[in-house]
Amino acid sequence: MASVAFSGVLVPHPTPRSPFSSPTNRFLIRCNVAEPLKFKDNGKPVMPVINGEQTVSFPSFLTSTHFERSPVQKNDTRLKIFSGTANPLLAQEIACYMGLELGKIEIKRFADGEIYVQLQESVRGCDVYLVQPTCPPANENLMELLIMIDACRRASAKTITAVIPYFGYARADRKTQGRESIAAKLVANLITEAGADRVLACDLHSGQSMGYFDIPVDHVHGQPVILDYLASKTICSDDLIVVSPDVGGVARARAFAKKLSDAPLAIVDKRRQGHNVAEVMNLIGDVKGKVAVMVDDMIDTAGTIAKGAALLHQEGAREVYACCTHAVFSPPAIERLSSGLFQEVIITNTIPLAEQNYFPQLTVLSVANLLGETIWRVHDDCSGGFEPYSSLGID
């Protein structure tokens, strides 16, 4: 049985375990925040121990001995974390990693669909972090984020940081035809004008989206989480090849391949005929007898990555893995991903996944430690430019 960790214990998941997965890694790490965490002398939280075993382990890139921080004072209320309704479980995991409790907030919808937000505790003079991905339904979650920002601004918060694990409308970042809108810039303006002082985003669709904001943007990458998981698998480095599902993702795939034992690179050439419709044309590179790892920032309808996987099998690939940070999974993505083309589909929890969308080949990794560590460094005014911090990819 595949397992999902919840509230400090492993809870069996109804989907069967994939025969291709590692039994020690195929679960989502979540922490119990029912009681306060204890802290070591270096300020790192001590994870709860149940039945003599530590229930949560941090990825290797977050356990460096270089990381030093003053112990958290429980009566220090300068830092507050609030969660919207888009992904409350991720927000809870982030708070758990940081040894904090989520702030109290009331969010409800009136009969006509309008959103009501009220903070249930004072944030005057505090550094506030609002965790709210703008995932589907994108418009609902975006409007909720804007109202949360406005509520914090009117409550005299010192600084407001919008933590957006998945930034919706990021694909509308340029004009490909005449008379099109650039919605990514519009959304950036809305967040800025609502009162946000800073944005923390994870794996933006394109780097230029950071330039759309007139406020600082901390851009972190989910690659370390996925790389840490792949390193635990018994795959010979000589058999690996990293595949970009389209020409636009070559830079991302090249960076991934360099960190994955400097693996060779292949590219799937596709011609897009319309929105959410892709046609694969040919393959650049040799994948015969190789274990192909397809890397992308998101999977929406899975048309691109599924057709790419079919082409890789035709060209002689032994196994195909799919890796992405954002699992949008619009229909018919689940049918395509569970059709047997993939040995394993590896995603993160930047977007909450409905229980009915789990399938045997799916592995969900948590980015809570990554985002929690980034929040600490932003709060402590730590730079990501020197070596101990550079592994997180904080710009």
Side-chain angles (χ1 to χ4, degrees), residues 84 86-87 90 130-146 148-149 161-177 180-194 196 198-223 225-226 244-253 255-256 270 272 274-278 294-305 322-330 333 347-353 367 370-371 374 392-395:
N87 199 342
L90 175 59
L130 305 176
V131 182
Q132 175 80 343
T134 54
C135 52
N139 298 332
E140 284 275 318
N141 290 329
L142 173 60
M143 194 64 196
E144 184 178 303
L145 173 61
L146 297 176
M148 290 170 65
I149 294 172
T161 301
V163 181
I164 311 176
Y166 169 73
F167 182 62
Y169 288 102
R171 286 173 283 185
D173 56 359
R174 65 190 184 278
K175 293 178 68 173
T176 58
Q177 304 177 64
E180 281 187 336
S181 69
I182 303 180
K185 171 59 176 172
L186 173 62
V187 173
N189 287 344
L190 289 171
I191 293 173
T192 303
E193 291 301 318
R198 179 182 291 268
V199 168
L200 169 56
C202 183
D203 270 334
L204 292 170
H205 186 64
S206 56
Q208 66 260 28
S209 297
M210 287 185 285
Y212 295 156
F213 290 90
D214 296 324
I215 55 178
V217 177
D218 292 295
H219 184 211
V220 299
H221 305 278
Q223 282 188 0
V225 177
I226 298 175
S244 173
D246 54 30
V247 176
V250 172
R252 182 186 304 108
F256 194 89
K270 71 173 184 180
R272 189 178 292 277
H275 295 295
N276 295 332
V277 178
M294 302 188 74
V295 181
D296 210 346
D297 63 318
M298 70 174 70
I299 297 177
D300 190 356
T301 61
T304 297
I305 204 163
C323 303
C324 82
T325 303
H326 310 300
V328 181
F329 285 2
S330 303
I347 64 173
T348 71
N349 63 339
T350 57
I351 297 175
L353 192 64
V367 294
L370 175 71
L371 294 176
T374 305
L392 288 181
I394 303 173
D395 295 328

Please find the pair of heavy atoms, one from [X] and one from [Y], that lie closest to each other, and give the distance.
X      : Y      : value
His219 : Leu204 : NE2-N, 2.8 Å
Ser244 : Gly249 : OG-C, 3.2 Å
Val247 : Val250 : O-CG2, 3.0 Å
Ala322 : Ile305 : CB-CD1, 3.8 Å
Tyr212 : Asn189 : O-OD1, 4.1 Å

inquiry  = Applying side-chain contact (heavy atoms from CB on, under 4.5 Å) to Leu186 and Ser181, what does each step give before you reach the verdict?
reply    = CA-CA 9 Å; Leu186 173 62; Ser181 69; over 6 Å; no
message = Going by the rule salt bridge (Lys or Arg N to Asp or Glu O under 4.0 Å), which residues pair with Asp203 if we only count those two or more places apart in sequence or in a different chain?
response = none
Straight-line distance of [X] [atom1] to [Y] [atom2], nearest 0.5 Å:
X      : Y      : atom1 : atom2 : result
Phe329 : Asp300 : CZ    : CG    : 10.0 Å
Arg171 : Ser209 : CZ    : OG    : 12.0 Å
Ile226 : Cys323 : CD1   : SG    : 5.5 Å
Cys135 : Ile164 : SG    : CD1   : 11.5 Å
Phe167 : Met298 : CZ    : CE    : 10.5 Å
Lys185 : Leu190 : NZ    : CG    : 10.5 Å

Side-chain heavy atoms of [X] within contact of [Y], under 4.5 Å:
X      : Y      : value
Ile191 : Leu146 : yes
Val367 : Pro165 : no
Thr134 : Val187 : no
Thr350 : Pro133 : no
Tyr166 : Asn87  : no

Check: [Y] main-chain N/O paired with [X] side-chain donor or acceptor under 3.5 Å:
X      : Y      : value
Gln132 : Ala162 : no
His326 : Cys202 : yes
Thr192 : Phe213 : no

task = Just jot down the side-chain hydrogen bond (donor to acceptor under 3.5 Å, both in side chains) partners of Asp173, sequence neighbours excluded, or say none.
result = Ser206, Gln208
key: Sequence-distant partners of Asp214, side-chain hydrogen bond (donor to acceptor under 3.5 Å, both in side chains), two or more places apart   = none
message = What verdict does the side-chain contact (heavy atoms from CB on, under 4.5 Å) test give for Asp296 and Arg252, after you've listed the backbone C-alpha separation in whole Å, the side-chain angles of each residue and the deciding distance to 0.1 Å?
response = CA-CA 8 Å; Asp296 210 346; Arg252 182 186 304 108; 3.4 Å; yes
message = Checking Leu90 against Leu371 for the side-chain contact (heavy atoms from CB on, under 4.5 Å) test, could you report, in this order, the C-alpha distance in whole Å, the side-chain angles of both residues, the deciding distance, and whether it holds?
response = CA-CA 10 Å; Leu90 175 59; Leu371 294 176; 4.3 Å; yes
